[in-house]
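This report concerns only the one structure given below.
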Amino acid sequence: MAESVKSRATSLRTQLVTRALRQCLPGRDGDVFISTFPKSGTTWMQQVVCMLSGEPRDVDIQMRAPYIEAAIATCVFSMQRLRELPAPRLFKTHAAFEDLPVAGCTKAAPPPNVKVVIVVRDPRDVMVSLYYHSKSIKGISYQGTWDEWFDDFVNGVAPLPMAAASGADGGDGEGKSDSSKSDWFSHTLGWWRVARDHPEQVLWVRYEDMLADPLASVRRVAQLVNPSVVGDDSLLREIVHASSFGEMKQRHDACEENNEMRNAGGTSHFRKGQSGDWRRHLSAAQRERFGRVMVERLKGSGLEDAFEQD
């Protein structure tokens, strides 16, 4: 009972923070939101966007592009401080489109002066990465088996790190969440529609494309975020190197504060950074089931063919 009350309190707190941001934080020219489902290349894209905005490679990305809902919930930033941040303001969020934490959104688009970079990763790799993350991070400490996790993820009830980042526990004690926003399919389809209809301000980036051709991907992001540097190959190559998996893992793991958030022996925030690791985890039956779910849930969007099959 106590855990259920805590879970409801966490959900309410998140809703209140989102509502406050949507009412009290007007969009400004130059604002960029990096929006992802967790474990889809969020930190990677934060590094890229920060450097495209003029920051050095060793920028503190969590302060320069803060996780906006958590920043308010934990009082690291006040609403007034967010309003007064120098341009360009950069923010990270895991919000579904209807909860994008900025004032002035319509039912179909972000405010006209706000740009959004969406990073989308194969949901099976997201599922694997999030499983290890949720077991490792103290705020969740998931105790279930892989098979239980698979079922939770497919059913859209797997615990996500949003609540943990805002100072709550992220689950109900059994490693489950009552948040409907943990459904990868609805989250992804919502943003896909907005990116399709408003390409001038919402950029859809595939994680797998970033892996395959990071320079081309950084250039695409630059075209949205800071077109003046699109032709600066020296800068773009520097960003590719500084945002590489090895470089970012080394900087992240060297930060004692980051390590304090993880259980002893838990995996690093930067675990592998690969594509296709799901093949080592999903059984034949799970592969077949997830393939059916992808076709059913993504039907009509074209996304059902966007991810490699067996």
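Only a predicted model underlies this, so the values are computations on that prediction, with no experimental measurement involved.
- Contact annotation: the side chain of S275 approaches that of D125 to within less than 4.5 Å [non-hydrogen atoms, C-beta and beyond].
- Within a 6.0 Å sphere centred on CZ of R19, other residues, nucleotides and ligands contribute 12 heavy atoms or fewer.
- By the criterion of side-chain heavy atoms lying less than 4.5 angstrom apart, applied directly or through intervening Ile, Leu, Val, Met, Phe, Trp or Tyr residues, V230 is not grouped with V48; the two fall into different hydrophobic clusters.
- R237 places no side-chain N or O within 3.5 Å of a backbone atom of L215 that could act as its donor or acceptor partner.
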Point to revise | Criterion side chain to side chain donor-acceptor pair (under 3.5 Å) on D99 and Q15, from CA distance to verdict | key: CA-CA 9 Å; D99 290 331; Q15 292 173 31; over 6 Å; no

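- In terms of heavy-atom proximity, V194 sits nearest to P110 at CG1-CD, 3.9 Å.
- Of all heavy-atom pairs spanning P199 and D197, the tightest one is CD-C, 3.4 Å.
- Counting all heavy atoms, side chain and backbone alike, I34 lies closest to Q46 at CD1-CA, 3.6 Å.
- Residue N113 comes nearest to G27 through the heavy atom pair ND2-O, 2.9 Å, listed as atom of the first residue, atom of the second, then distance.
- In summary, D151 and R289 engage in a salt bridge, as defined by a charged side-chain N under 4.0 Å from a carboxylate O.
- Between V128 and K39 the shortest side-chain heavy-atom distance does not fall below 4.5 Å.
- Hydrophobic clustering (side-chain heavy atoms under 4.5 Å, transitive across Ile, Leu, Val, Met, Phe, Trp, Tyr) groups M294 together with L303.
- With hydrogens and angles disregarded, no donor-acceptor distance shorter than 3.5 Å links the side chain of H281 to the backbone of R124.
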Exercise for review: For side chain to side chain donor-acceptor pair (under 3.5 Å), just list the numbers for D232 and S234, CA-CA rounded to whole Å, side-chain angles, deciding distance to a tenth of an Å, and then say yes or no.
Suggested key: CA-CA 5 Å; D232 189 342; S234 177; 4.7 Å; no

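- In summary, the side chains of E69 and T93 do present a donor paired with an acceptor at a separation below 3.5 Å, with no hydrogens or angles considered.
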Practice item. Carefully, step by step, assess M45 and K92 under the rule side chain to side chain contact (heavy atoms under 4.5 Å, CB included). Key: CA-CA 9 Å; M45 187 56 73; K92 159 191 166 179; over 6 Å; no

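- Nearest approach of L282 to R287, heavy atoms of both residues: O-NE, 3.5 Å.
- Here the side chains of V116 and L224 are not in contact, with every heavy-atom distance at 4.5 Å or above.
- Within the 4.5 Å cutoff, no side-chain heavy atoms of T36 are placed close to those of R121.
- D183 has a carboxylate O that lies under 4.0 Å from a charged side-chain N of R297, or vice versa, which qualifies the two as a salt bridge.
- Distance check: Q47 CD to D58 CG gives 9.0 Å after rounding to the nearest 0.5 Å.
- Within the 4.5 Å cutoff, side-chain heavy atoms of R57 are placed close to those of H241.
- Hydrophobic clustering (side-chain heavy atoms under 4.5 Å, transitive across Ile, Leu, Val, Met, Phe, Trp, Tyr) groups F33 together with M79.
- The minimum heavy-atom distance linking M210 with V119 is given by the pair SD-CG1, 4.1 Å.
- Between S53 and V49 the shortest side-chain heavy-atom distance falls below 4.5 Å.
- Stacking of R206 on the aromatic ring of W204 is not recorded, the 6.0 Å distance cut-off and the 45° axial limit not both being met.
- Rounded to the nearest 0.5 Å, atoms CG (L130) and CH2 (W184) are 13.0 Å apart.
- Residue pairs meeting the side chain to side chain donor-acceptor pair (under 3.5 Å) criterion with at least one member in residues 25-35, sequence neighbours excluded: D31-R89, S35-W191.
- The line from CD of E247 to OG of S244 is 4.5 Å long, rounded to the nearest 0.5 Å.
- Ring centroid separation for the pair W146 and Y131 comes in under the 6.0 Å cut-off.
- Taking hydrophobic clusters as Ile, Leu, Val, Met, Phe, Trp and Tyr residues chained together by side-chain heavy-atom distances below 4.5 Å, M127 shares a cluster with V293.
- The aromatic rings of Y207 and W44 lie perpendicular to each other, with more than 60° between the two planes, well past the 30° mark.
- The distance between the ring centers of H133 and Y142 does not fall below 6.0 angstrom.
- Ion pairing between R219 and D233 holds under the 4.0 Å rule for side-chain N and carboxylate O.
- When each of I72, V102, L100 is tested with L21 by the rule side-chain contact (heavy atoms from CB on, under 4.5 Å), just one qualifies, namely I72.
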Exercise for review: Show your working on side chain to side chain contact (heavy atoms under 4.5 Å, CB included) between F97 and V202 and close with a plain yes or no.
Suggested key: CA-CA 11 Å; F97 167 66; V202 181; over 6 Å; no

Review point. Can you list the steps and then say if W149 with S134 is a side chain to side chain contact (heavy atoms under 4.5 Å, CB included)?
Key: CA-CA 10 Å; W149 176 266; S134 298; 3.4 Å; yes

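- Under a hydrophobic clustering in which Ile, Leu, Val, Met, Phe, Trp and Tyr are joined whenever their side-chain heavy atoms come within less than 4.5 Å, directly or via other members, L235 and V221 fall into the same cluster.
- Between the side chain of Q201 and the backbone N or O of P111 there is at least one donor-acceptor pair closer than 3.5 Å.
- Taken from CH2 in W278 to CZ in F307, the straight-line distance is 12.0 Å, to the nearest 0.5 Å.
- Between M51 and S243, every side-chain heavy-atom pair lies at or beyond the 4.5 Å cut-off.
- Note that CG of L298 and OG1 of T188 are 7.5 Å apart. Values are rounded to the nearest 0.5 Å.
- Counting only heavy atoms from C-beta outward, the side chains of M63 and F77 approach each other to under 4.5 Å.
- A distance of 6.5 Å separates NE2 of H187 from CZ of F37, quoted to the nearest 0.5 Å.
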**Study point:** Verdict with supporting geometry, K115 and L203, side chain to side chain contact (heavy atoms under 4.5 Å, CB included)
**Key:** CA-CA 8 Å; K115 297 176 180 178; L203 179 66; over 6 Å; no

